[in-house]
Each structure stands twice: as C-alpha cells, then as structure tokens.
Amino acid sequence: MINIPIIYEDGEALVIDKPAGLPIEQPRKGGSSLADHIEQLKLGFQRAPQAVHRLDTDTSGCLLLARNPKALKRFNAAFQEKLVQKTYLGIVAGPVAEDEGTIDLALSKISSEAKGWRMIVAKKGKPSVTHWTKRKELEGDITLVEFRPETGRTHQIRVHAEHAFGRSLLGDPVYGNKDARVGRTMLHASALVVPRENKPEIVAHAPLPADFIKLGAE
C-alpha cells in the first residue's frame, strides 16, 4: 500500500500530496488508482472523501478531496468561479528566454486511431490562460518554471508550455518526448489556496518531489 501524505485536514476537506504515477480514476487497462487508498483516507469518518478536481497520472502534488457532499458542491463552485489559486512547478525541456509571461491559447480535444486523444491549440477551443514565471536554469539546459493557471483545462500547462517555449515539459511523452533522466512528465502541483465563506481558507503546500530535487530544482 502506497503511503499518501496528508498536507491539510479539517472537518470538510483533505489535501493530499498525490504521488506521481497514481491515477485518480481506475485505468481502463486495470491497475492501482486513488480509489484503492480511499479507506486509509477516511481517517475515522464514515464517508469516503471525493476528489474535487483532477491531476494527470504523472503529476504529483496538491489534490483537494471533499469529506461530504455539501463540501464537494461548495468546492466545485469555487473551482468553476475561478476562485481557487493553483500553483504548479514544471521543468521545461530546454531554455526559457523570458522571465515571465501569460499564455492565452484556447484548447480543444482531438482524437485519432494512430495517436489516441490529445489537446491542441484551436481558435474555437475553450479559453485557457496560464501565467508563468521562470524560477531557475538547471544543468542540462532545462528550466524550472512556476505556472499559475487561471483556467483548468485538461493538459493545459503541458500544451501551453510546448507552444510558448517551443519545448514541452521534460519527459512528456504526448507533447514532447520521453527522457532518460526522468520517469515521468515533470509537473508538480506545489500549492493550493481555496477560499471559503465564514471559514479560514484552505492553504496547502506540497514539498518538492525527489525527482525534481535530483535535477537541482531546490
């Protein structure tokens, strides 16, 4: 059983530090998923907590779970109204010239027999906005970048990075290439802030994973 760190807890919310490689939903081909660990995340509550949002299987870090249906509804509304602040760290597979910027590119989903499904930049796609700041140039001509997505489209940061920098995130097999230095797409949900009426906001920070530290991202 994988140990899943809990980085925030109260009566209506949990924030876990999701390990890279653990899918939130059961894969079609079978295998482990977050559902297999829900019992250990009840923490004495009768109800099983439910994931409020999604992280890609490869993405590590902050994942918000609601401990009851009322909280789930409230948190879903906060995401839909763009009130939630999300911060990600990603390693771009190449140099980044500018220090900061905003990527405003609409995204749409396509599917083909040869490549399966993926997201593409499309004028008639859904509006997608990501703010970014260069954090550190790393050895091996790669770059640590902080991403702050305004919207929450599938694969948003991965597609935006590839278009804005001309390089995908390191190790991304869909929008770039696998890389021998890493075993996954290098993206980490490092912080999450969720406002709540009449209650303190949820503030969670997920520590930098070992594979980021190994590449000098500290």
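Here, residue 1 is the first one in the sequence, and each next residue gets the next number. Just so it is clear, the structure is predicted and the values come from calculations on it, not from any experiment.
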Between I24 and L55, is the side chain to side chain contact (heavy atoms under 4.5 Å, CB included) condition met? List the steps. CA-CA 7 Å; I24 293 173; L55 292 178; 4.3 Å; yes

Walk me through it: do E146 and K134 pass the test salt bridge (Lys or Arg N to Asp or Glu O under 4.0 Å)? CA-CA 6 Å; E146 178 187 290; K134 181 164 73 173; over 6 Å; no

Please evaluate residues L22 and S32 with respect to the criterion side chain to side chain contact (heavy atoms under 4.5 Å, CB included), reporting the C-alpha separation (whole Å), side-chain torsions for both, the decisive distance (0.1 Å), and the verdict. CA-CA 7 Å; L22 182 68; S32 179; 3.8 Å; yes

Do K82 and V84 pass the side chain to side chain contact (heavy atoms under 4.5 Å, CB included) test, and can you show the C-alpha distance, the side-chain angles, and the key distance before you say yes or no? CA-CA 6 Å; K82 301 179 185 177; V84 178; over 6 Å; no

Using the side chain to side chain contact (heavy atoms under 4.5 Å, CB included) rule, take V129 and I103 through it: C-alpha gap first, then chi angles, then the decisive distance, then the call. CA-CA 6 Å; V129 178; I103 307 160; over 6 Å; no

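A donor-acceptor pair under 3.5 Å is absent between the side-chain atoms of T133 and the main chain of E100, judged by distance alone. Counting only distance, with no hydrogens or angles, the side chain of R47 and the backbone of N68 share no donor-acceptor pair below 3.5 Å. For the pair R167 (side chain) and A93 (backbone), a donor-acceptor distance under 3.5 Å is present. Checking side-chain atoms of T151 against main-chain N and O of P149 turns up no donor-acceptor pair under 3.5 Å. A donor-acceptor distance shorter than 3.5 angstrom exists from the side chain of T143 to the backbone of G94, with no hydrogens or angles considered. No donor-acceptor distance shorter than 3.5 angstrom exists from the side chain of K123 to the backbone of A106, with no hydrogens or angles considered. Within the 3.5 Å criterion, the main-chain N or O of S33 finds a donor-acceptor partner in the side chain of D36. Within the 3.5 Å criterion, the main-chain N or O of S168 finds no donor-acceptor partner in the side chain of D172.
For Y175, the ring-ring contact (aromatic ring centres under 6.0 Å, His included) partners two or more places apart in sequence, or in a different chain, are H155. Annotation: side-chain contact (heavy atoms from CB on, under 4.5 Å) contacts of K136 (sequence neighbours excluded): L138, L144.
Between L208 and A217 the shortest heavy-atom distance is CD2-O, 3.5 Å. Scanning both residues, A71 and A66, for their nearest heavy atoms gives C-CB, 4.0 Å. Residues A189 and A206 come closest through the heavy atom pair O-CB, 3.7 Å. Heavy-atom minimum distance, A204 versus C62: O-SG, 3.8 Å. Of all heavy-atom pairs between R54 and A51, the closest is NH1-CB, 3.8 Å.
Atoms OG and CG, from S128 and L105 in turn, are 8.0 Å apart once rounded to the nearest 0.5 Å. Taking CZ of R181 as the reference point, atom CG of D211 lies at 13.0 Å (rounded to 0.5 Å). Rounding to the nearest 0.5 Å gives a distance of 5.0 Å between CD1 of I16 and CG of L34. Atom CG of D104 sits about 8.5 Å away from atom CD of E150, to the nearest 0.5 Å. Separating the CG atom in L41 from the CD atom in E9 is a distance of 10.0 Å, to the nearest 0.5 Å. The CD atom of Q50 sits 9.0 Å away from the CG atom of N76 when rounded to the nearest 0.5 Å.
Using cut-offs of 30° and 60° on the angle between ring planes, the pair H188 and F212 is tilted.
For residues 48-99, the ring pair (Phe, Tyr, Trp, His ring centres under 6.0 Å) pairs, not counting sequence neighbours, are H53-F79.
Note: the hydrophobic cluster containing V145 does not contain L215 (ILVMFWY, side chain heavy atoms under 4.5 Å, direct or indirect links). Placement of L169 and V96 within a single hydrophobic cluster is found when ILVMFWY residues are connected by side-chain heavy-atom separations under 4.5 Å, directly or transitively. A continuous path of ILVMFWY side-chain contacts below 4.5 Å connects M119 to F165, so both sit in one hydrophobic cluster. Note on L63 and I7: separate hydrophobic clusters, where clusters join Ile, Leu, Val, Met, Phe, Trp and Tyr whose side-chain heavy atoms are under 4.5 Å apart, directly or indirectly. Side-chain heavy atoms closer than 4.5 Å link hydrophobic residues (I, L, V, M, F, W, Y) into clusters, and following such links, even through other members, never connects I202 to V193.
Each of D179, V182, I91 was scored for a side-chain contact (heavy atoms from CB on, under 4.5 Å) with I142, with one residue passing: I91.
Side-chain contact between K73 and K70: absent, with no pair of heavy atoms (C-beta onward) separated by less than 4.5 Å. Looking at heavy atoms from C-beta onward, L43 lies in side-chain contact with R67 at the 4.5 angstrom threshold. Proximity of H160 to F147: side-chain heavy atoms (C-beta onward) are nowhere separated by under 4.5 Å. At a threshold of 4.5 Å between non-hydrogen side-chain atoms, the residues L187 and I157 count as touching. Taking the side chain as every heavy atom from C-beta outward, H163 and L107 never approach each other to under 4.5 Å. Looking at heavy atoms from C-beta onward, T185 lies in side-chain contact with P173 at the 4.5 angstrom threshold. Two residues are said to be in side-chain contact when any heavy atoms from C-beta on lie closer than 4.5 Å; Y8 and I6 fail this criterion. Side-chain contact between V52 and L72 is present, with at least one heavy-atom pair separated by less than 4.5 Å.
Taking the charged nitrogens against the carboxylate oxygens, D56 and R158 do have a contact shorter than 4.0 Å, which makes a salt bridge. Salt bridge K199/E12: present, at least one basic N to carboxylate O contact under 4.0 Å. Using a 4.0 Å cut-off between charged side-chain N and carboxylate O, E197 and R74 make no salt bridge.
Checked by atom type, the side-chain pair T57/R184 shows no donor-acceptor distance below 3.5 Å. Between the side chains of Q156 and T130, a donor-acceptor pair is found at a separation under 3.5 Å.
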